[in-house]
Amino acid sequence: MKSCRRIRKAVSQNSPLPTELEQHLFACPACRRLVRSRQILGLLHEFRQVPASVSPEFVERVMSGLAEREKEQPKAWFGLEVMRWAAVLLFAIAAGYGFSVSENALKSVEWAASLTVAPSQITSIEIL
């Protein structure tokens with residue numbers, strides 16, 4: 001326990017571990033995880049991204065290149081108007097299908113109702 005406290009103190013102060021405390025790391029998995037996590041966090045600071053400085057000419061070249069590519073690409077042969085008409089057509093087909101199904105559903109319910117048998121009173125135990 002005393003070694004664990006010394007390791008925590010050394011890690012919190014970012015000071016190097018003495019040799020006897022390094023030997024403690026072989027026996028104590030909790031201290032080993034603590035030291036390893038601090039090492040990993042210390043390495044993460046090296047990977048901080050520094051904002052890149054970009055010249056105004058570079059931005060102008062990129063933007064002009066995008067404008068040229070936009071001119072080169074063919075326009076879509078269908079626009080918003082075609083998409084609207086396609087949506088109207090699909091709705092009409094779906095509505096027509098819905099009406100046809102509802103008529104058939106009504107007929108099948110009537111047919112099933114005609115098959116039902118009205119229960120009659122039981123007059124004899126032999127029927128059961």
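Just so we're clear, the structure is a prediction, and the values are computed from it rather than from any experiment.
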Sole residue of R6, R38, Q39 in side chain to side chain contact (heavy atoms under 4.5 Å, CB included) with V11 | R38

Please check if the side chain of R32 supplies one atom and the backbone of L25 the other of a donor-acceptor pair under 3.5 Å.
-> yes

Distance, nearest 0.5 Å, that separates CD of E57 from CD of E60 = 6.5 Å

Please name the pair of heavy atoms, one in L21 and one in I7, separated by the smallest distance, quoted to 0.1 Å.
-> O-CD1, 3.7 Å

Common cluster, V62/V54, ILVMFWY with side-chain heavy-atom separation under 4.5 Å | yes

Connected via hydrophobic side-chain network under 4.5 Å: L66 and F58 | yes

Would you sort out whether R8 and C31 count as a side chain to side chain contact (heavy atoms under 4.5 Å, CB included), showing the intermediate values?
-> CA-CA 8 Å; R8 279 189 231 120; C31 290; 5.7 Å; no

Spacing of E22 atom CD and S3 atom OG [to the nearest 0.5 Å] | 12.5 Å

